[in-house]
Amino acid sequence: MGTREAAIGATLGALLSMGAAFASPEEDRAAVAALDTAYQAAVERNDADAMGRILADDMILVVGRGSVFTREDLLRSARDKDVIYEHQVEDTGTQVVRLYGDHTAIVTARLWLKGARNGEAFDRTLWFSDTYVRTALGWRYAFGQSSIALPAEDVRH
């Protein structure tokens with residue numbers, strides 16, 4: 001493991017553990033926001049290990065076209081590098097974290113995805129909602145849902 005990967009792993013461990021003990025709402029929002037940003041970066045790198053540390057065991061993702069993916073589907077796809085990303089990033093200023101009680105947080109943001117799947121290029125932007133739950137081990141990403149690709153006139157990077 002290189003220095004960069006070790007630093008990312010240490011940061012990720014700190015973010016995950018922040019959710020284990022109760023924090024102030026501001027601290028929880030900041031921790032979940034950083035964790036979701038870290039998750040998007042892990043997807044962009046196809047870093048299945050980092051993704052696995054963030055995802056809940058029973059996590060599912062429902063995408064705009066109606067397909068449902070499990071935690072294992074997402075991790076397998078990252079390991080197999082089914083998609084090679086140039087960008088998988090939240091558009092600056094679009095991320096909002098809402099807390100519901102002490103155990104649930106929902107992140108919404110606009111996401112820019114650019115890369116190739118099976119040699120076919122894509123470049124699209126969509127909205128997503130990611131639901132995080134506080135567990136004994138910290139915050140975990142439990143449910144995600146994304147929109148279909150936004151029309152080009154609604155995209156602002």
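Note that the structure is predicted; figures quoted are calculated from it, not measured. Starting from 1, each residue takes its place in the sequence as its number.
Between the OG1 atom in Thr94 and the CZ atom in Phe128 there is a gap of 7.0 Å [rounded to 0.5 Å]. Atom CD of Gln95 and atom CD of Gln40 lie 9.0 Å apart (nearest 0.5 Å). A distance of 4.5 Å separates CZ of Arg110 from CG of Asp91, quoted to the nearest 0.5 Å. Here the straight-line distance linking atom OH of Tyr132 with atom OH of Tyr100 works out to 15.5 Å at 0.5 Å rounding. Rounded to the nearest 0.5 angstrom, Ile106 CD1 and Thr131 OG1 are separated by 4.0 Å. Distance check, rounded to the nearest 0.5 Å: CE of Met51 to CE of Met59 gives 8.0 Å.
Contact annotation: the side chain of Leu61 approaches that of Leu74 to within less than 4.5 Å [non-hydrogen atoms, C-beta and beyond]. Between Thr125 and Leu111 the shortest side-chain heavy-atom distance does not fall below 4.5 Å. Using a 4.5 Å heavy-atom threshold, the side chains of Arg140 and Leu55 count as separate. Using a 4.5 Å cut-off on side-chain heavy atoms (C-beta onward), Arg124 and Leu113 make contact. Looking only at side-chain heavy atoms (C-beta outward), Asp36 and Glu90 come within less than 4.5 Å of each other.
Within a 6.0 Å sphere centred on CD1 of Ile84, heavy atoms belonging to other residues, nucleotides or ligands number more than 12. For Asn118, the CG atom is loosely surrounded, since the number of other residues' heavy atoms within 6.0 Å does not exceed 12.
When every heavy atom of Trp139 is checked against every heavy atom of Asp102, the shortest pair comes out as CH2-O, 4.1 Å. Counting all heavy atoms, side chain and backbone alike, Gly119 lies closest to Ala116 at C-CB, 4.4 Å. When every heavy atom of Ala56 is checked against every heavy atom of Ala142, the shortest pair comes out as CB-CA, 4.0 Å. Of all heavy-atom pairs between Ala105 and Leu99, the closest is CB-CD2, 3.7 Å.
Remark: the backbone N or O of Ser24 is paired with a side-chain donor or acceptor of Glu27 at under 3.5 angstrom. Judged purely by atom type and a 3.5 angstrom limit, Arg71 uses its side chain to pair as donor or acceptor with the backbone of Gly52. For Asn46 (side chain) and Val83 (main-chain N/O), a donor-acceptor pair under 3.5 Å exists by modelled atom type. Listed for the Gln88 side chain is no donor-acceptor partner under 3.5 Å among the backbone atoms of Glu44.
The aromatic rings of Phe122 and Tyr85 stand perpendicular to each other, their planes meeting at an angle above 60°, with 30° marking the opposite boundary.
Applying the side chain to side chain donor-acceptor pair (under 3.5 Å) definition to pairs two or more places apart or across chains, those involving residues 141-152 are Asp130-Tyr141.
Residues meeting the side chain to side chain contact (heavy atoms under 4.5 Å, CB included) test with Ser67, sequence neighbours left out: Val63, Arg65, Phe69.
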For this session: Start with the C-alpha gap between Val32 and Val107, add the side-chain angles, then the distance that decides, and say whether side-chain contact (heavy atoms from CB on, under 4.5 Å) holds.
Result: CA-CA 8 Å; Val32 171; Val107 178; 3.5 Å; yes

For this session: Test Arg134 against Asp28 for salt bridge (charged side-chain N to carboxylate O under 4.0 Å, His left out), laying out the working first.
Result: CA-CA 10 Å; Arg134 189 191 311 265; Asp28 280 339; 2.5 Å; yes

For this session: Go through the steps to decide whether Phe143 and Ile60 satisfy the test side-chain contact (heavy atoms from CB on, under 4.5 Å), and finish with yes or no.
Result: CA-CA 5 Å; Phe143 177 80; Ile60 63 166; 3.6 Å; yes

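For Arg98 and Thr108, the side-chain atoms include at least one donor-acceptor pair closer than 3.5 Å.
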